[in-house]
Each structure stands twice: as structure tokens, then as C-alpha cells.
Amino acid sequence: LQVVESGGGLVQPGGSLRLSCAPAGFTFVDSAIGWFRQAPEKEREGVSCISVDGFTTNYLDSVKGRFTISRDKDKNTVDLQMDSLTPEDTAVYYCAIDYRQRPDFCSLARGRYLFRGQGTQVTVSS
């Protein structure tokens, strides 16, 4: 199982980026998907997740109101729209798979997830 994250880059404070996660060679329509990030010398933290049915989402407090997660089952992708970015959002962002989660829920607990991607770098700087 592998996933491919894309969409990262360098953006000025206040700017936006849209990250995308796609599986390589399989479908994750039956899995909850989470986005995590890891800044240098910091623990990897859960940023957002979305349930299998797409109706439940959760967010890290510091990104609420700025980030929006969505999934497109036809395209088999999960996106993370990030607005009003700040330097504190600088990190490598990873998407991860929780294949054991019930369809109507998702959790930001890192231990539930399989990490199978290389991540995408997001740098917020002027």
C-alpha cells in the first residue's frame, strides 16, 4: 500500500495551498483518511481526518476555520484545502489510512493510521 501526497510548496503568510492524497494501485474508499504533519524536531501531529462516508471530519484546534478536508470517491482522492497559512503551519504533510475505522467516524489518533507516503513539504514564509 502506498499513497502519494502532492500540492505542497512555498507560500507567503496568509496564502493558500491545496494538498491532495491519492492511493497508488488500490482504492481507499473504505478507509478513513487523515492528514498529519511534522515540523523539524517536533512530534508528528494529526491535522484533519475524514470518515469513510465523508460526513464526519475532525480538525486540530489550531487549523479550525482555516483548513478544509474533503474526499472525492469517484476520483479516489482526499484533499486538504489550507487557507490563511501561517509560518507555524510549516511542516511535511502526510496522508494516512485508517482501514479499521467505522464508516461514520474518524480520529486524529496517530496510532490508528498507516503511513505509506513520502509526504509533501509546506513552507510558509515571507
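Remember, predicted model here, so these are calculated numbers, not experimental data. We're numbering straight along the sequence, starting at 1.
For the pair Ser48 (side chain) and Asn58 (backbone), a donor-acceptor distance under 3.5 Å is present. Between the side chain of Thr90 and the backbone N or O of Val124 there is at least one donor-acceptor pair closer than 3.5 Å. Panel note: side chain Arg110, backbone Arg44; a donor-acceptor pair is recorded below 3.5 Å.
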Scan the side chains in residues 2-12 for donor-acceptor partners under 3.5 Å anywhere in the protein, sequence neighbours excluded, and list what turns up.
residue : atom : partner : partner atom : Å
Glu5    : OE1  : Gln118  : N            : 3.3
Glu5    : OE1  : Gly119  : N            : 2.9
Glu5    : OE2  : Cys95   : N            : 3.1

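The shortest side-chain heavy-atom distance between Cys106 and Asp98 does not fall under the 4.5 Å cut-off.
The distance from the CD atom of Gln101 to the CD1 atom of Ile50 is 13.0 Å, given to the nearest 0.5 Å. Here the SG atom belonging to Cys21 is positioned 7.0 Å from the CD1 atom belonging to Ile97, to the nearest 0.5 angstrom. For the atom pair OH (Tyr59) and CD1 (Ile69), the distance works out to 6.5 Å, reported to the nearest 0.5 Å. With rounding to the nearest 0.5 Å, the separation of OH in Tyr99 from CZ in Arg112 is 10.0 Å. Note: Tyr93 OH to Leu80 CG = 7.5 Å, rounded to the nearest 0.5 Å.
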request  = Show the numbers, then the answer: is there a ring-ring contact (aromatic ring centres under 6.0 Å, His included) between Phe115 and Phe36?
outcome  = CA-CA 9 Å; Phe115 290 84; Phe36 291 76; 5.0 Å; yes
key: Test log, rule side chain to side chain contact (heavy atoms under 4.5 Å, CB included), inputs Asp104 and Ser51   = CA-CA 6 Å; Asp104 61 347; Ser51 60; 5.7 Å; no
task = Would you sort out whether Arg37 and Val63 count as a side chain to side chain contact (heavy atoms under 4.5 Å, CB included), showing the intermediate values?
result = CA-CA 12 Å; Arg37 68 186 181 187; Val63 309; 4.0 Å; yes
query = Is there a side chain to side chain contact (heavy atoms under 4.5 Å, CB included) between Glu45 and Leu60 once you walk through the steps?
reply = CA-CA 9 Å; Glu45 63 180 354; Leu60 182 68; 3.7 Å; yes
request  = Just do the side chain to side chain contact (heavy atoms under 4.5 Å, CB included) check on Arg100 and Leu114 with the steps written out, would you?
outcome  = CA-CA 10 Å; Arg100 299 168 295 175; Leu114 296 177; over 6 Å; no
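Looking at every heavy atom in both residues, Ser84 comes nearest to Ser16 through N-OG, 4.3 Å. For Ser107 against Phe105, the heavy-atom pair with the smallest separation is CB-CE2, 4.1 Å. A pairwise comparison of heavy atoms in Arg66 and Leu85 identifies NH1-CA, 3.8 Å as the closest pair. In plain terms, the two heavy atoms of Ala91 and Ala39 that are nearest each other are CB-N, 3.8 Å. Residue Ala32 comes nearest to Tyr113 through the heavy atom pair O-CE2, 4.2 Å, listed as atom of the first residue, atom of the second, then distance. Nearest approach of Lys73 to Val52, heavy atoms of both residues: NZ-O, 2.8 Å.
Each of Thr57, Asp83, Leu19, Val47 was checked for a side chain to side chain contact (heavy atoms under 4.5 Å, CB included) with Phe67, and the lone residue meeting it is Val47.
Hydrophobic clustering, with ILVMFWY side chains joined whenever heavy atoms are under 4.5 angstrom apart, groups Ile33 together with Leu1.
Annotation: cation-pi geometry not satisfied between Arg116 and Phe28 (NZ/CZ under 6.0 angstrom from ring centroid, within 45° of ring axis).
Between the side chains of Asp79 and Gln81, no donor-acceptor pair is found at a separation under 3.5 Å.
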